[in-house]
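Beneath this line is the structure, given in structure tokens, with notes to follow.
In what follows, every chain begins at residue 1, and chains take the letters A, B, ... in the order their sequences are listed. Note that the coordinates shown come from a computational prediction; the quantities given were computed from them, not determined experimentally. Only heavy atoms go into these numbers, but all of them, side chains included; no hydrogens, no water, no symmetry mates.
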2 protein chains.
Amino acid sequence: MTGTTEGSAPRRTRIQQEKRELILEAALEVFSANGFRGSTIDQIAEAAGMSKPNLLYYFRRKEDIHETLMQRLLDTWLAPLRELDDIGDPLTELRSYIRRKLEMARDFPRESRLFANEILQGAPRIRPMLEGELKTLVDEKATVIKGWMRAGKIARTDPWHLIFSIWATTQHYADFDVQVRAVLGADRGGDGRFEDAARFLEQLFLDGLKPKS
Amino acid sequence: MTGTTEGSAPRRTRIQQEKRELILEAALEVFSANGFRGSTIDQIAEAAGMSKPNLLYYFRRKEDIHETLMQRLLDTWLAPLRELDDIGDPLTELRSYIRRKLEMARDFPRESRLFANEILQGAPRIRPMLEGELKTLVDEKATVIKGWMRAGKIARTDPWHLIFSIWATTQHYADFDVQVRAVLGADRGGDGRFEDAARFLEQLFLDGLKPKS
DNA sequence: CAAATTTTTGACCGGTTGGACAAACGTTAG
DNA sequence: CTAACGTTTGTCCAACCGGTCAAAAATTTG
């Protein structure tokens with residue numbers, strides 16, 4: 001640990017970087033499938049192709065892996081919401097936010113499930129982040145949305161619950177994937193289900209269910 | 001429940017009935033908060049006010065408790081969907097289905113979380129039921145909804161994804177309760193959040209976000 | 001090369017967990 | 001009272017799990 005001290009981030013060798021990455025990837029697989037308490041260090045080590053003590057050389061405690069994973073996750077997970085911008089047509093903005101979120105559910109289901117697992121258990125490890133960083137971000141975007149409503153660009157509703165409903169409907173396709181596939185069956189449960197979902201959600205959020213008449 | 005032997009259901013004394021009920025209530029509390037693997041028999045026993053061997057006298061294995069719980073759960077959990085009827089105004093029917101589901105999320109959050117936990121882990125213990133009983137029920141209701149669409153009573157969309165979206169948006173308030181409260185904050189995260197959610201969801205599903213103009 | 005440092009591993013440990021078991025306890029019927 | 005039956009508990013065990021440690025192996029450095 002020589003040379004210039006770098007804030008709090010420890011210096012790491014190239015091999016440490018790679019192995020840590022390997023472990024985090026394996027841990028994401030295992031944690032998202034079994035939850036934190038349901039996963040064992042041995043499982044993660046095996047998935048990463050190394051022995052348990054070797055893994056513990058890179059991460060001292062099981063919780064350290066989970067914590068690191070969680071920190072990285074939140075950044076990428078909230079990126080779509082951060083991109084929700086005041087410039088451009090409101091309805092278009094919301095539509096692309098929904099689309100981006102749905103794509104994340106499709107492309108990063110493990111991340112979604114890891115997050116869902118944490119929240120389901122009461123978010124013991126990230127509650128401060130929810131009440132701090134997340135709340136701030138959502139409040140900020142809610143203000144933007146309220147502006148759109150005042151300007152008559154979208155219908156008046158509760159912006160917070162609107163955001164909740166977008167989270168719920170999109171992440172559902174990652175978190176409840178097994179159920180979705182089971183209900184849709186072999187024929188409709190294939191790759192096309194995300195396109196069907198995208199079409200449906202667009203209509204739901206824009207027009208609702210009332211008939212044109 | 002006296003006298004005659006009833007198929008495969010084992011005969012039980014009154015005290016057995018009561019204690020089993022007590023255990024299932026305690027297990028619901030513990031399982032829904034910690035997941036299956038995250039819960040210990042000791043925890044359940046303590047929550048039920050008895051010793052571990054005593055608990056194991058009523059349920060031979062930990063998994064038996066979970067299985068029994070799961071079977072009962074599914075019945076009550078799908079009741080609102082079963083009630084979705086072809087009689088009455090379609091939009092009203094859907095609106096009350098959403099309301100009933102939201103009430104269940106409010107009144108039975110533990111059941112919702114238990115179910116979510118199971119699905120998240122890949123539904124190892126109830127997959128057959130999803131592909132069988134659940135799929136049948138949903139397909140049946142999808143047909144009803146399709147009829148409404150053909151009759152011009154509601155807009156044309158994918159009935160399956162419509163049902164998914166109702167599940168997702170309502171159960172979100174039970175499964176992600178911690179997050180919802182954190183984001184809404186102390187002032188808006190109180191008991192009123194379910195009424196706000198009900199109002200929002202009604203508007204979303206009926207009219208969508210497009211402004212009246 | 002050899003010394004120093006980093007990486008990997010086998011063996012081990014203490015605590016926990018699911019579950020077995022026999023003995024004790026309580027209750028009821030004869 | 002006592003025998004029979006249902007209930008409860010203390011004790012025990014084997015498997016598992018998170019984590020330690022010292023020593024070997026590999027790699028880097030001089």
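- A sub-4.0 Å separation between OP1 or OP2 of C/dT7 and a side-chain N or O of A/Tyr57 is present.
- The side chain of B/Tyr58 lies closest to D/dT7, out of C/dA20, D/dT7, C/dT9.
- Note that B/Lys62 lies outside the cation-pi zone of B/Phe31, set by a 6.0 Å cut-off to the ring centre and a 45° limit from the axis.
- Checking the phosphate oxygens (OP1, OP2) of D/dT8, no side-chain nitrogen or oxygen of B/Ser51 falls inside 4.0 Å.
- Within the structure, every side-chain polar atom (N or O) of A/Asn54 is placed at least 4.0 Å from both OP1 and OP2 of C/dT7.
- Taking atom CG of B/Asp42 as the reference point, atom P of C/dG15 lies 16 Å away to the nearest angstrom.
- Protein atom CE of A/Met50 is 16 Å distant from nucleotide atom C1' of D/dA25, rounded to whole Å.
- The distance between atom CZ of A/Arg60 and atom C1' of D/dG19, rounded to the nearest whole Å, is 11 Å.
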Working for salt bridge (Lys or Arg N to Asp or Glu O under 4.0 Å), residues A/Arg110 and A/Glu25: CA-CA 10 Å; A/Arg110 298 177 307 175; A/Glu25 157 64 27; 2.9 Å; yes
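- Residue contacts shown for B/Lys19 are limited to sugar-phosphate atoms, with no base heavy atom under 4.0 Å away.
- Heavy-atom distances to DNA chain D give each of B/Gly49 and A/Glu63 a nearest nucleotide, and the one nearer the 5′ end belongs to B/Gly49.
- Here A/Leu56 lies in heavy-atom contact (under 4.0 Å) with a base.
- Considering only the side chain of A/Pro53, C/dG10 comes nearest among D/dG19, C/dG10, C/dT17.
- Below the 3.5 angstrom threshold, one finds a donor paired with an acceptor across the side chain of B/Lys52 and the base of C/dG18.
- Between A/Phe59 and A/His66, the ring center distance fails the sub-6.0 Å criterion.
- Rounded to whole angstrom, the span from the CD atom of B/Glu46 across to the C1' atom of C/dT16 amounts to 15 Å.
- Atoms CG (B/Asn34) and P (C/dT16) sit 16 Å apart, rounded to a whole Å.
- Cation-pi check for B/Arg113 over B/Phe108 is not met; the charged atom does not lie both under 6.0 angstrom from the ring centroid and within 45 degrees of its normal.
- Between the CG atom of A/Leu55 and the C1' atom of C/dG10 there is a distance of 16 Å, given to the nearest Å.
- Across the protein-nucleic acid pair, A/Lys62 atom NZ and D/dG18 atom P stand 4 Å apart, rounded to whole Å.
- Within the 4.0 Å cut-off from OP1 or OP2 of C/dT7, at least one side-chain nitrogen or oxygen of A/Gln16 is found.
- Considering B/Arg193, B/Arg188, B/Arg199 in turn, B/Arg188 is the only one that fulfils the salt bridge (Lys or Arg N to Asp or Glu O under 4.0 Å) rule with A/Asp158.
- Atom-to-atom, CD of A/Gln43 to P of D/dC17 comes out at 7 Å; the value is rounded to the nearest Å.
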